[in-house]
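In what follows, a single structure is set out as structure tokens and then discussed.
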Amino acid sequence: MKTLFLEPLDVWLFRDGRPFTAGEQFRAASRFPPSPLVVQGALRAYHLMVHSTVPAWDTAAVAEVVGGPDDWGPLRLAGPLVARRTASGQLEALLPPPADAAFHDRQLRRLPVPEQPPEWLRVPAPTPALFPLWHAGEPVSEKASQPLWLRLTDFAAYCRGEPVPGVPQEELWAEEVRIGIAQDSSRRTTREGLYYEARYVRPAPGVGLLVSFTGLDWPEETGVLALGGERRSARFEAVSAFAPPPVPEPLPERFVLSFLTPAVFERGWLPRDWGAFFDGSVVLVAAALDRYETVGGFDLARGRERPARRAVPAGSVYYFVARGEARLRRTSDLPWSTVSDWGAEIGFGTVLIGGW
Amino acid sequence: MAEASALLFAYCETPVHAGTGRSVGTVDLPIQRERITGFPIVQASSVKGVLRAATQTNGADAERHRALFGPDRPEEASAHAGALQVTDLQVVLFPVRSLAGVFAWTTSPAVLARLGRLAKLAGIEGPVDPTRFAGLQPGQCAVANESTLLVQAGQQVGVVLEEYSFTLAGELAGLVSALAEWLAAHALPQAPEYAWWRENLAKHLCVLPDDDFRDFVLYATEIEAHVRLKDETKTVEPGALWTTEALPAETLLVGLLATTRSRYDKVNEDGRALLGWLTSKLDGRRVRLGGDETTGRGAVVLRVARV
């Protein structure tokens, strides 16, 4: 397994999937962190260009080395996670703001544990009733203007319901708006109608992305690769000894799946079958999630856009009860687990397991 | 290694107006700056456009040019990516008015740390260990022993930049000389007309604490007021008064050039060969960067440093 820490040399541009065509749209938005699709593309492109001699225009030969556009070849990836260097030089991984958190005074606290819904709340719906994530009579939530990111090291305490200090998003990155024009180089004047505005991401000093993968031969310890839009630069550095808390075996009776990257499910916010990810019987009893994210991108091999998929956003939390002994199925040698109907091999649905 | 990188230095011979086109501040047309540090930059899209135009060529080289920069026509853009990665140009040395010695080339530990990081990526040993300057207190500066910036007032020796005085951190003088030597060898143009600049760099170099440096790059840039005259009456047209900001002449900027091998099927060259070709076209070359070029803005000399 190789774990890389990617830091920008200036700004990054990770497009949000909305069209941005010269002469039609003039505003391009960016999102951060990028989806696993972006990172796998960057890693595979670097591997292809630097570690192989295959001509980039020979599609069949390229597929031999890094896999085709829809099969990922031998690559297995987890992340990307936002991380930053602390004053001591250590890397600190940060988890996206959990959807089941109440933010107060730069602290995060999980909402009270879900309880059996009262009789009056039950409706004759064809789906089983989920437990509500609130507690009658107790003020639990306060609208937060600034989402707080959770330190990986605080995840266990957070799951126990203890208040933990969060990291405000504004400490991690800022948006940098840039205006661009196109020039007519023969006349050295601006070309009419080709004015655009792009919102780039400027991570704070020391902030970057952490990604673990297997299946690509990667001897370099440091270097530069192109990441995201405009072939913006990322300095990579191999990191040793970085792993998530181990997945409990068997799973505790009451456990949560906490999504660190978006997950693509066949039935919207629900997978085709939870049984595909667990050995044993588990029942979903509650869930906290924000509105969907769109995951798209460009398919270089075919020279066209990828289909846009709706994804459960990072930060979503699903509450489960295990009936008897249950285990999470492992899909790779990576210490990270992934739960997603599509793209689990390349990091969609990277999860942590906690208790409740 | 199939991927190659080099440092790209741009030395401003005249003020450079790489603008953002709009502002909410007091300057109508401010220069490009980083959102978090406020340090001046020249955005990579401008740099790449200038490099593309400066190296445009015919014949066999035209294919190499396309392999590096990607197709010229936007409708062919998805055919293949260019082999070249360009970063924003960041400030390395910023000239500030000095009571003695006319002007000082100022820099700071954060700037040197970035330069060192870029140099390492290009495979070049960095200038100095920036942590050695970390002890600089606010109001202190480090200059070389032979510095022309020194001002004596009674028993006190110091440096006066704009209207601010700095005391000396004397123990760092040797380090400043070493930094000047590195910059003269790697960053400044090597043409004979730059001999004076290479020789005098040490005498004018001044390392400031990060906060003081930031204040100078924020508030000591050139601001020019412009008016437009009515042709017939030679009086100002109503509403036609605006101010523009520019990076002063003698500013030194740095960025990174990185190449992979060609993705263009008519050129089968590795990143090192492509970067070598680009270096031969750019090193020592004068180009125009940013706006207002017909009024003399934006003359810069490029220097490509690589192993």
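Note that the coordinates shown come from a computational prediction; the quantities given were computed from them, not determined experimentally. We use all heavy atoms of the structure for the numbers below, so side chains are in, but hydrogens, waters and symmetry mates are not.
Applying side-chain contact (heavy atoms from CB on, under 4.5 Å) to B/Gln85 and the options A/Val224, A/Leu225, A/Leu9 leaves one that passes, A/Val224.
The contact between B/Gln90 and chain A is made entirely by side chain atoms (from C-beta outward), counting heavy-atom distances below 4.5 Å. Contacts of B/Thr20 with chain A are made by backbone atoms alone, with heavy-atom separations under 4.5 Å and no side-chain atom involved. Looking at B/Glu34, both its backbone and its side chain come within 4.5 Å of chain A, counting heavy atoms on both sides. Looking at B/Ala83, the atoms closer than 4.5 Å to chain A (heavy atoms on both sides) all sit in the backbone: N, CA, C or O. Proximity to chain A is limited to the side chain of B/Ile41, based on heavy atoms less than 4.5 angstrom apart. Using a 4.5 Å cut-off between heavy atoms, A/Glu197 touches chain B through its side chain atoms alone. Neither the backbone nor the side chain of A/Ile181 comes within less than 4.5 Å of any heavy atom in chain B. Contacts of A/Pro203 with chain B are made by backbone atoms alone, with heavy-atom separations under 4.5 Å and no side-chain atom involved. Using a 4.5 Å cut-off between heavy atoms, B/Arg33 touches chain A through its backbone atoms (N, CA, C, O) alone.
What you find for B/Ile36 and A/Ala174 is that their closest heavy atoms are CG1-CB, 4.1 Å. Nearest heavy-atom pair, B/Gln43 versus A/Ile179, reported as atom, atom and distance to 0.1 Å: OE1-O, 4.1 Å. Nearest heavy-atom pair across A/Tyr46 and B/Glu3 is CE1-OE1, 3.0 Å. For the residue pair A/Trp57 and B/Val267, the shortest heavy atom distance occurs at CH2-O, 3.8 Å.
Heavy atoms from other residues, nucleotides or ligands lying under 6.0 Å from CD of B/Glu76 number more than 12. The neighbour count for B/Arg117 CZ, taken as heavy atoms of other residues, nucleotides or ligands under 6.0 Å away, is above 12. Atom CG of B/Asn58 sits in a sparse spot, with 12 or fewer heavy atoms from other residues, nucleotides or ligands closer than 6.0 Å. Enclosure of atom CZ in B/Arg214 by more than 12 non-hydrogen atoms of other residues, nucleotides or ligands within 6.0 angstrom is indicated.
From A/Asp58, atom CG reaches atom CG of B/Asp265 across 10.5 Å, with rounding to the nearest 0.5 Å. A/Tyr196 contributes atom OH, which lies 4.5 Å from atom OG of B/Ser45 (distance to the nearest 0.5 angstrom).
Of residues 226-237 of chain A, those residues with a non-hydrogen atom less than 4.5 Å from any non-hydrogen atom of chain B are, in numerical order, A/Ala226, A/Arg231, A/Arg232, A/Ser233, A/Arg235.
When atom types are taken as modelled, the side chain of B/Arg261 and the backbone of A/Met49 share a donor-acceptor pair closer than 3.5 angstrom.
When each of B/Ala53, B/Ala258, B/Ala44 is checked for heavy-atom pairs under 4.5 Å with chain A, B/Ala44 comes out on top. Here B/Gly82 is the residue among B/Ala81, B/Ser46, B/Gly49, B/Gly82 with the most heavy-atom pairs under 4.5 Å with chain A. Contacts with chain A were tallied for B/Asp88, B/Thr87, B/Leu84, B/Leu118; B/Asp88 has the most, counting heavy-atom pairs under 4.5 Å.
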